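Report on the following structure.
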Amino acid sequence: MTPTDMLAPAKTSSNGRGEMNAQTLYDKCMALASNLWWMWQPEVSALFRDLDPIRWRQLDHNPIALLKEFTPERLDARATEMVLYSRIHHAYRQLKDYLGGYSSTWSATNAGVLGSKPVAYFSAEFGIHESVPIYSGGLGVLSGDHIKSASGLGIPLVAIGLFYDQGYFKQQLNEEGYQVEDYVDTKVENLPVQQAFDVDGKPLKVCIDTRNGQLFAQVWLMHVGRVRLYLLDCDVDGNSPEDRELTSRLYGGDERTRIRQELVLGVGGVRVLQALGITPGVFHLNEGHSAFAPLEAIRQRMSEDGQSFDDALREVTRATVFTTHTPVPAGHDRFDAELVEEHLGPLRDALGISYEQLMGLGRVEPQDTQESICMTVLGLKLSRRANAVSSLHGHVSRRMWANLWPWRTEEEIPIGHITNGVHIPSWLAHQMQQLYDRHFEADWARRMGEPEVWQAIRNVDPGELWETHNSLKNLMLAFVRRRVSRQCRRRSEGDDVIESARNVLDPNLLTIGFARRFATYKRADLILSDVERLYRMVTDEERPIQLIFAGKAHPKDEPGKQLIKRIANLRHDERFASRVVFVEDYEMNVCRHLIQGVDVWLNNPRRPLEASGTSGQKVVLNGGLNLSVLDGWWAEAYDGTNGFAIGKGTNHASDEIGDTRDAQWLYETLENRVIPLYYHRDIDGLPRQWIRMMMNSIASLAWRFSSDRMVMDYARTGYVPAAGGLSCQMELK
Ligand SMILES: *Cc1c(COP(=O)(O)O)cnc(C)c1O
């Protein structure tokens, strides 16, 4: 099935309503809703919104759920009322052109070798849009941005993931401010997915043998622009009741659940490709979760081509790219050898290798029977090319895994880096895009990964940029107030509380956002180290500040939940009320609102534990400034003129020392640099120096930290050489 087949047949090519009957109109809207391409087309999402703005919001911006509330006749009537015909028709044409426009893409001229041998991209989560809850956070959003850019660049890529029936949890805070997790069943009929079929036209189902029975998975197909994403789902006949729930939740359950999920993703994923008749030229393992995949690819080569294990291993390894995403030890899955044997035993038999040989692939010291099996080690050993996700993370990862290559110096450890980036069309506010449209070269939208394009920001009138930013800030504040008052209503708080929640925050104040997972190393409470000092800043008569927090803690992370509680309960403290708020249920929609409207985005992890971070990159595009520890992407992005740094980019002897110093540095930077710069206005009321910094930030960072640049880097240094094209510097092993 080609991407264009999914489009409903267009009976007319009319611009007016006369020739387009109600059913055709409805089919065109459904076709638009069925490819997530719509989510990065502001005109198309505005079109869905205009059909019914209130329901649109209530339905999590899900166009399929929205359209299901319409009959073709009602839709037709609504389109008449809103004069939507030509917009629907135009959007539909654009989608068709996009899907058929492969030959004019970057890949057609730069990565031709992949044409017949697509990249198979594996990830345990994909954050594509808030209405498709198969992600939990940064890793998923990165995968989503990766495949969106691959689509735009025309990289032949099929993606493999898991279909979670319940996704990640929805977060609510109870009266005490304590996080409560709520799992909601996904309605598959409201998602842009369809059942996948194999080469023989039968519903695709894969089966995986383990030592104690078989595991089955069915497969859903989702279209993300030109990319097809296949999602494995264990809720099928044949599985035990327990296994039917295997893929219900992201990162739920115990070690056993995890290994079974990863078996389905890795081994099941490669079987899906085989059943579809796809022979990948490259396997990209995005994080260790999918590191079993190459083993199944080796088995297939042995059984189809009669290769020996060693030959097949060499070939598959050469075709595999592995990306590691965190230096935090808990982020690297480890399993007991017995658990691995239980799940990979039958595959091991087919490979004809010994128990020791298999376990050795997942151990730093193959002979050390005490060592658990680590998915990152497996990924590193089964890939020819490996990378970290920022320059600093590259250094950290080479040190972290140096024992795998004891004969090499640290610089020679074959782990490179490709810094993460974000999909600009997904994160750029519409108003900001319009500003760029007015001032940038006409084809800027197709050249977002090029530095020259963004220099034009310096020619924009400072007043116009400032006005656009403030208008976005107001939209963000309206969103936050709506959310915060809804939170109060849900907790049945008094009318006066709800009323004041409707008026929290002041658009004239310097507004700082902090939103991310509440893992302790991210230190959400660093700014609370000296509460009195923060209080003085928040209530300063002339130059006060205000703070917006959001983020989830992992359900098992008790310290993280205590942090949330402490911050959320500041609203009961007279001194902070209405100037410090916590927005519940951080996900892509909340993130989008915050990053488009804040003045400053705060990021203060314990260096060097933040591998990259991407939310600050989203802020850049929309004119906000970063105030961040020199960790992850910021360590290579900050140049002294494009934002603010916390610390000097050094590591500390202990957590306590580091926390104290960083807190001090944070307060001083706020008091002496950030706040004065923001409130220093000229006679027109403009903060000229601040606006200059906004321009520096956009001009120097937007292109570099775009996922277009990132995917081009993967293509040039990873995919093309792995597929047998010319090799570039990443080939180090
Ligand atoms: C972008 C994004 C992230 C990643 O941001 P970090 O800087 O890594 O915290 C996490 N969650 C959501 C919902 C996002 O949109």
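All of these numbers come straight from a predicted model, not from anything done at the bench. Read the numbers this way: they start at 1 and go in the same order the structure lists the ligands and their atoms.
Any N or O atom pair closer than 3.5 Å counts here, and T614 shares at least one such pair with ligand 1.
Looking at N626, its side chain does come within 3.5 Å of a backbone N or O of G616 through a donor-acceptor pair. Between the side chain of H332 and the backbone N or O of T326 there is at least one donor-acceptor pair closer than 3.5 Å. Proximity of a side-chain donor or acceptor of K170 to a complementary backbone N or O of D585 within less than 3.5 Å is not detected.
Between the side chains of Y164 and E125, not a single donor N or O lies within less than 3.5 Å of an accepting N or O.
Nearest protein heavy-atom contact of atom 7 (O) of ligand 1 is S615 OG, 2.5 Å. Looking only at heavy atoms of the protein, atom 10 (C) of ligand 1 is closest to G138 N, 3.4 Å. The protein atom (non-hydrogen) at minimum distance from atom 11 (N) of ligand 1 is Y586 CE2, 3.6 Å.
Annotation for ligand 1: atoms under 4.0 Å from non-hydrogen atoms of W427 are 15 (O). The contact set between ligand 1 and E587, taken as ligand atoms under 4.0 Å from a residue heavy atom, comprises 13 (C). Counting the atoms of ligand 1 from 1 in the order shown, those under 4.0 Å from a heavy atom of G613 are 7 (O), 8 (O). Close contacts between ligand 1 and C591 involve ligand atoms 14 (C), 15 (O) [criterion: under 4.0 Å to a heavy atom]. Ligand-side atoms of ligand 1 in range of V141: 1 (C), 12 (C), 14 (C), 15 (O), range being under 4.0 angstrom from any heavy atom.
Under the 4.0 Å criterion applied to side-chain N and carboxylate O atoms, E584 and R491 are assigned as salt-bridge partners. For R517 and D557, the salt-bridge test fails: no basic side-chain N is under 4.0 Å from an acidic carboxylate O.
By the 6.0 Å and 45° rule, R673 does not stack over the aromatic ring of F644.
Checking K618, E130, R516, R592 against atom 2 (C) of ligand 1, the nearest heavy atom belongs to K618.
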